[in-house]
Q: 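This structure is in structure tokens; I'll ask about it shortly.
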Amino acid sequence: MLNFPNPYPEELLYSILARAGIRHGILSPKQLLDEIYGNRKVIATLDLPNQLEKVVRWLPQGYDLETIAYRHTLFPMYAPFIPEERRKRCLKWISGESQGAVHLAMGVAASIVKAPDHIRYCSGCLKEQKHSVGEYFWQREWQVAGVECCERHGALLNTAFTRPLKDRHRYHAASPDACPLFPQKPVCDESVRILSQVRQLLLQGPAISPSFEQWTAHYHCLARQYGFIRGHSQIDHTAILEAVSVKWSSKFLRRYGLGIEGQAGNLWLQAIFRKHRKSFSYLQHIIVHESLLPEFWRIGEVIDRVRNLPVQSAVAIPTRANVEATLDLTEDQQEWMKALEERPPKAARAAKPALYARLYRSERLWLKQVNRDQRRARTVNRKPRVDWEQRDRHYLVKLREILRFIRASLSGPRQSRTYLLKRLGKSSTLEKRLHLLPRTRRLLLRYSESVAQYQVRRLQNACYELQQNFEHPPRWRLLRRAGLSEIRLTNEARDCLNGLEKSPTAYQENQG
């Protein structure tokens, strides 16, 4: 096909093919399929199309299979969360005729997170497209489950095209008739948080996917790092449930089949912190990390960290059941095993010295092995001197009061963890015992102010003060009033300073 349209950034392949039909004046969907694929039975798929090799030949030089898959389909939304072997297999399938295998292999078909019911669009973005390139096109992020709005223009709107598409062979183009420019509702804060991470996923290039073992190790480390562990290594699922319910409304979670009310609804949240035997949706990963990690986290960095985790093979630990199953035990051996069920090896030896002597002479290697495997530490039931759970609740209430007080004013020193601990009193003692105060520790992690956040706050305060005398405060005055210099600025503060210098009012409204 001559004069095939060049793809726009973040444009769906579905949209490119629809524009090709318009550009060539092809009204029949079967004829368009015949021109592009040489096959009239191809289904027009919105998210994960196949037979990409036949499309690549019509595109400009530099477009290959991986470029199309990662830049113009929703493939990068699922690729990091499936094993590497399956990712390669799916790339091979979408190059030819997959017959729905890609949706099954990537977990899309069986996922509890379902695709949106309609093809969606943003009125404000369409106006900008018309002004900049002279036509409309479908953007990838509009069709991602969990993304409900554009942070600049408002909530996304539904077209009349339902998903799955009734006319399976027709590519519907974005047009004024299909996309009326209706007013949009205000943005949803939860959707904006999802959108920021979805955009990072869509920008991911081809890379090796982490294994299920690496994801399992990552979530266990995540729970341990942020204090969601009971005892030695047991995951505190109740505390994780509370953290998720604080960050996300039940209405938003239920809308995507991720409700956590009741025991049945909480199964996915428990499963993601256990051994991974299947892939989880990008939306589940985002919801959990947004609930547990501090602000300004990035899902791309999380994936890189998981990808670099060592893969440890499982080592079989001998247990009493294994010993009994693999060895034909004598009467003396069975009696010794019963003694070990009641007391540790040293106490069992003192209680049955003759039995121990016989086994030591005849079954010395076996005796040493079971004693080593079944050795139990003597437990002493002592009443704890400090009720750490009660103290944790006490400091949690006190810390919340302090945060409400200091956040009522935009000025003040950096609200670091050390600063907050000093306000609580006995900072050195608290810092050493934070592992015994999981609720207080989580609150400190969430609301402790980083250097970058502190610099941004100082710049915003300086801009507010200078706007009393200057409509557009110059850069040097902003830096002087904030007590900063170009050399000391972090990347986040530099971005803030650039925004305040160009348009202080617009920047502050966007940040607000």
Side-chain angles (χ1 to χ4, degrees), residues 5-22 44-49 68-79 103 106 108 111 113-167 170-204 252 255-257 281-283 286-287 299:
N6 290 332
Y8 294 121
E10 292 304 307
E11 183 183 13
L12 276 173
L13 179 62
Y14 178 97
S15 175
I16 301 171
L17 302 182
R19 290 195 297 115
I22 295 175
T45 307
L46 194 71
D47 52 356
L48 297 170
I68 292 296
Y70 277 88
R71 289 289 174 261
H72 299 286
T73 75
L74 299 188
F75 190 88
M77 297 300 303
Y78 308 97
H103 288 80
M106 302 195 82
V108 180
S111 176
V113 179
K114 302 303 179 184
D117 296 328
H118 296 75
I119 297 180
R120 302 181 301 178
Y121 67 99
C122 170
S123 293
C125 291
L126 288 179
K127 293 177 184 177
E128 294 178 355
Q129 291 174 5
K130 185 68 174 178
H131 178 73
S132 59
V133 299
E135 59 182 336
Y136 294 168
F137 60 88
W138 304 117
Q139 291 186 199
R140 289 195 294 173
E141 65 188 38
W142 297 345
Q143 317 308 330
V144 176
V147 177
E148 300 176 352
C149 68
C150 168
E151 83 282 8
R152 293 184 294 120
H153 303 116
L156 299 179
L157 302 173
N158 289 335
T159 64
F161 308 133
T162 59
R163 298 176 60 184
L165 300 171
K166 294 181 180 179
D167 192 352
R170 181 183 295 276
Y171 288 95
H172 299 280
S175 64
D177 294 335
C179 308
L181 302 182
F182 293 138
Q184 296 172 257
K185 295 180 180 179
V187 299
C188 169
D189 178 66
E190 291 169 315
S191 179
V192 171
R193 297 201 299 265
I194 296 290
L195 176 60
S196 65
Q197 305 301 331
V198 164
R199 284 177 174 169
Q200 294 179 46
L201 283 175
L202 291 175
L203 293 176
Q204 292 276 306
F252 181 87
R255 190 150 59 240
Y256 298 100
S281 167
Y282 63 90
L283 192 56
I286 292 174
I287 286 172
I299 194 167

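Because the structure is a prediction, the values reported are computed rather than measured. Only this structure's heavy atoms are used, side chains among them; waters, hydrogens and symmetry mates stay out.
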Q: Which label fits Tyr282 and Tyr78: parallel for a plane angle under 30°, tilted from 30 to 60°, or perpendicular past 60°?
A: perpendicular

Q: Kindly give the heavy-atom pair with the smallest separation between Cys150 and Val187, and that separation in Å.
A: O-CG1, 3.2 Å

Q: Is the side chain of Ser175 donor-acceptor paired with the backbone N or O of Ala178 at a distance under 3.5 Å, no angle test?
A: yes

Q: Flag yes if more than 12 heavy atoms outside Lys130 fall under 6.0 Å of its NZ atom; otherwise flag no.
A: no

Q: Is the shortest side-chain N to carboxylate O distance from Arg255 to Glu190 below 4.0 Å?
A: no

Q: Decide side chain to side chain contact (heavy atoms under 4.5 Å, CB included) for Val144 and Asp47; before the verdict, give the C-alpha distance in whole Å, the side-chain angles of both, and the deciding distance to 0.1 Å.
A: CA-CA 9 Å; Val144 176; Asp47 52 356; over 6 Å; no

Q: Roughly how far, to the nearest 0.5 Å, is the CG atom of Asn158 from the CZ atom of Phe182?
A: 11.5 Å

Q: Does Gln200 reach the main-chain N or O of Ile299 with its side chain, forming a donor-acceptor pair under 3.5 Å?
A: yes

Q: Checking the side chain of Arg170 only, and the main-chain atoms of Leu165 only, is there a donor and an acceptor separated by less than 3.5 Å?
A: no

Q: For Phe252 versus Ser191, what's the shortest heavy-atom pair and its separation?
A: CE1-N, 4.4 Å

Q: Kindly give the heavy-atom pair with the smallest separation between Glu11 and Asn6, and that separation in Å.
A: OE1-O, 4.4 Å

Q: What's the spacing between Leu17 CG and Leu12 CG if we round to 0.5 Å?
A: 10.0 Å

Q: Where is the tightest heavy-atom contact between Pro180 and Leu157, given as atom of each residue plus distance?
A: O-CD1, 4.2 Å

Q: Can you tell me how far apart CD1 (Ile194) and CD1 (Ile286) are? Round to the nearest 0.5 Å.
A: 5.0 Å

Q: Looking at Leu48 and Leu74, what are the two nearest heavy atoms and their distance?
A: CD2-C, 3.8 Å

Q: Could you measure the distance from the OG atom of Ser111 to the CE atom of Met106? Nearest 0.5 Å is fine.
A: 12.0 Å

Q: Are any of the side-chain heavy atoms of His153 and Ser123 separated by less than 4.5 Å?
A: no

Q: Testing Arg71, Gln139, Arg140, Arg199 one by one against Glu10 for a side-chain hydrogen bond (donor to acceptor under 3.5 Å, both in side chains), which residue passes?
A: Arg140

Q: Look only at the side chain of Thr159 and the backbone of Cys179, and say whether a donor-acceptor pair between them is shorter than 3.5 Å.
A: no

Q: Quick check for you: to the nearest 0.5 Å, what is the distance between Leu203 atom CG and Tyr70 atom OH?
A: 13.0 Å

Q: Treating Tyr14 as the side-chain partner and Thr73 as the backbone partner, does any N or O pair qualify as donor plus acceptor under 3.5 Å?
A: no

Q: Are any of the side-chain heavy atoms of Trp142 and Val147 separated by less than 4.5 Å?
A: no

Q: Which distance, rounded to the nearest 0.5 Å, do you find between the CZ of Phe161 and the OH of Tyr121?
A: 10.5 Å

Q: Indicate yes or no for a side-chain donor-acceptor contact from Gln143 to the backbone of Arg120 under 3.5 Å, with no hydrogens or angles considered.
A: yes

Q: Using a 3.5 Å distance criterion without hydrogens, assess whether the side chain of Gln184 forms a donor-acceptor pair with backbone atoms of Cys122.
A: no

Q: Do the side-chain N and O atoms of Asp167 and His172 include a donor-acceptor pair separated by under 3.5 angstrom?
A: no

Q: Is the shortest heavy-atom distance from the side chain of Ser15 to the side chain of Tyr8 under 4.5 Å?
A: no

Q: Quick one: closest heavy-atom pair of Tyr136 and Arg19, and the distance?
A: O-CD, 3.9 Å

